[in-house]
Protein chains: 2
Amino acid sequence: MNIGTAAQKANLPTKTIRYYEDIGLIKPQRDVNGYRVFRDQDVHKLNFVGRARALGFSIEDCRNLLALWEDKGRASADVRAIAKAHLAQIDAKIADLSGMRDTLGDLVRDCAGDARPDCPILSKLGTLG
Amino acid sequence: MNIGTAAQKANLPTKTIRYYEDIGLIKPQRDVNGYRVFRDQDVHKLNFVGRARALGFSIEDCRNLLALWEDKGRASADVRAIAKAHLAQIDAKIADLSGMRDTLGDLVRDCAGDARPDCPILSKLGTLG
DNA sequence: ATGAGGGTTCCACTCACTGGAAGGTCAAGA
DNA sequence: TCTTGACCTTCCAGTGAGTGGAACCCTCAT
């Protein structure tokens, strides 16, 4: 498939996909006419990278994660170590988001009365774990 | 407190804090000597912004969220609407992270044997919800 | 009074895109 | 066959969110 189709499937702008090729995150084939040709694998990778980026993972994080799946010769201890580090990172993000969720929920419940008084939540802002 | 102390408490580089002042996210007071003076409220905001940024929220998202807490005159329906949109965004992020967590866990369990065969997970990559 | 360790501004750089210009490719219809 | 429009290409410039460094000011202990 061409870049437009891949972009739709991966939910990313074509510009971004070309950029990801530029920096070596993906390596689509080329057709005789010079067009990029994407396989399903490429789309899977793009999809994954797009979502990971939206969750605050860096390009280098993504590169490592993709390499985990790609590098079949890698020692399993190595895989485990990298994967575990990322698992911890993910768990921390989830915990952090849950905290924000609670705070926002509190805001809606406690502070959105018709005549909203001084909001008691600002004082908690930034201190939740 | 001065910017260094605030930076430590908020876990952000001083450079970033100056930048956040530049774009109007925070408005620390100024001492007679020209030094920025941070109150606890400022630190709370910085802390919140730092964590939200790490979770993939844009500066504009942060600006809106901070405004929610700050603008005491805002109509409560408005507050509710914005807060609810952000709650949905947070829930989506949590769901997405959970999916990644599972995939990564699978990778560790299924694909990290000593002689790792063709990993069956790459094919699932990017398709999890 | 001097030196270390803060602080200040400003300017240039990076990273991760994003927009636009200028032009090549291709399928469909007059 | 020609054209039109949607798609693709590269290249270059701009943006958003910082980040590094130079040059200089403030404060406090020795």
Side-chain angles (χ1 to χ4, degrees), chain A residues 1-39 42-43 45-67 86 89 93 96 100 126, chain B residues 1-39 42-43 45-67 86 89 93 96 100 126:
Chain A
M1 88 194 73
N2 286 346
I3 198 169
T5 314
Q8 261 189 311
K9 287 201 187 186
N11 201 30
L12 282 175
T14 57
K15 283 274 186 189
T16 302
I17 295 177
R18 291 197 192 96
Y19 172 72
Y20 287 165
E21 188 193 19
D22 256 31
I23 62 171
L25 262 194
I26 48 155
K27 306 199 197 311
Q29 312 280 109
R30 291 286 178 144
D31 208 338
V32 280
N33 59 11
Y35 286 20
R36 289 168 186 83
V37 176
F38 295 82
R39 289 150 304 168
D42 296 315
V43 173
K45 286 193 203 176
L46 287 170
N47 205 321
F48 175 80
V49 172
R51 297 186 311 113
R53 294 285 303 127
L55 294 166
F57 290 95
S58 72
I59 291 283
E60 283 321 297
D61 284 337
C62 294
R63 211 189 284 282
N64 287 335
L65 253 348
L66 289 183
H86 278 277
Q89 218 184 330
K93 278 174 192 288
D96 220 0
M100 287 194 180
Chain B
M1 82 197 76
N2 287 345
I3 198 169
T5 313
Q8 261 188 312
K9 287 201 187 185
N11 201 30
L12 283 176
T14 57
K15 282 278 187 187
T16 302
I17 295 178
R18 290 198 192 96
Y19 172 71
Y20 286 165
E21 189 193 17
D22 257 32
I23 62 171
L25 260 195
I26 46 156
K27 304 196 198 313
Q29 312 280 109
R30 289 288 177 142
D31 208 338
V32 279
N33 58 11
Y35 285 21
R36 288 167 186 83
V37 176
F38 295 82
R39 288 151 304 168
D42 297 314
V43 173
K45 286 192 202 176
L46 287 171
N47 205 320
F48 175 79
V49 172
R51 297 185 310 112
R53 294 287 302 126
L55 294 166
F57 291 95
S58 74
I59 290 284
E60 284 320 298
D61 284 337
C62 294
R63 212 189 283 281
N64 287 335
L65 252 348
L66 290 182
H86 277 278
Q89 218 185 330
K93 278 174 192 287
D96 220 359
M100 286 195 183

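Throughout, a chain's letter reflects where its sequence line sits, starting with A, and its residues are numbered from 1.
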A.B. asks: Please give, in whole Å, the distance from D:dG16 C1' to B:Phe57 CZ?
C.D. replies: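 So the CZ-C1' distance, B:Phe57 to D:dG16, works out to 18 Å.
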A.B. asks: Does anything in residues 3-23 of chain A reach DNA chain C, meaning a heavy atom under 4.0 Å, and if so which residues?
C.D. replies: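 A:Pro13, A:Lys15, A:Thr16, A:Tyr19, A:Tyr20 - these, ordered by number, are the residues of the stretch whose heavy atoms sit under 4.0 Å from the strand.
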A.B. asks: State whether the number of non-hydrogen atoms from other residues, nucleotides or ligands found under 6.0 Å of A:Asn33 atom CG is greater than 12.
C.D. replies: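 Correct, the count exceeds 12.
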A.B. asks: Taking the side chain as C-beta and beyond, is there a heavy-atom pair between B:His86 and B:Phe57 under 4.5 Å?
C.D. replies: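 Sidechains of B:Phe57 and B:His86: in contact.
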A.B. asks: Heavy atoms, side chains only, cut-off 4.5 Å: are B:Arg36 and B:Ile17 in contact?
C.D. replies: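 B:Arg36 does not reach B:Ile17 side chain to side chain.
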A.B. asks: Any side-chain heavy-atom pair from B:Arg30 and B:Val37 closer than 4.5 angstrom?
C.D. replies: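 With C-beta onward as the side chain, the pair stays apart.
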A.B. asks: What is the separation between atom CE on A:Met1 and atom C1' on D:dC8, rounded to the nearest whole Å?
C.D. replies: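 About 16 Å, once rounded to whole Å.
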A.B. asks: Salt-bridge test for A:Asp42 and A:Arg39: reply yes if a basic N is under 4.0 Å from a carboxylate O, no otherwise.
C.D. replies: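 A salt bridge links A:Asp42 with A:Arg39.
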A.B. asks: Taking B:Arg63 first and then B:Glu60, would you say they form a salt bridge - that is, a charged N and a carboxylate O separated by under 4.0 Å?
C.D. replies: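 Answer for the salt bridge query: yes.
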A.B. asks: List in numerical order all residues of residues 26-36 of chain B for which some heavy atom is under 4.0 Å away from an atom belonging to DNA chain D.
C.D. replies: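 Under 4.0 Å from DNA chain D: B:Asn33, B:Tyr35.
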A.B. asks: State, with a plain yes or no, whether a side-chain heavy atom of B:Tyr35 is found less than 4.5 Å away from one of B:Ile3.
C.D. replies: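 SC-SC contact between B:Tyr35 and B:Ile3 ruled out.
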A.B. asks: Roughly how many Å is it from CG in B:Asn2 to C1' in C:dG5, rounded to a whole number?
C.D. replies: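 Distance check: B:Asn2 CG to C:dG5 C1' gives 12 Å.
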A.B. asks: Has B:Asp96 got a side-chain atom pairing as donor or acceptor with B:Lys93's backbone, closer than 3.5 angstrom?
C.D. replies: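 Flag not set: sc B:Asp96 to bb B:Lys93 has no pair under 3.5 Å.
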A.B. asks: Calculate the interatomic distance between B:Phe38 atom CZ and C:dG6 atom P; express it in whole Å.
C.D. replies: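 Going from CZ in B:Phe38 over to P in C:dG6 covers 15 Å.
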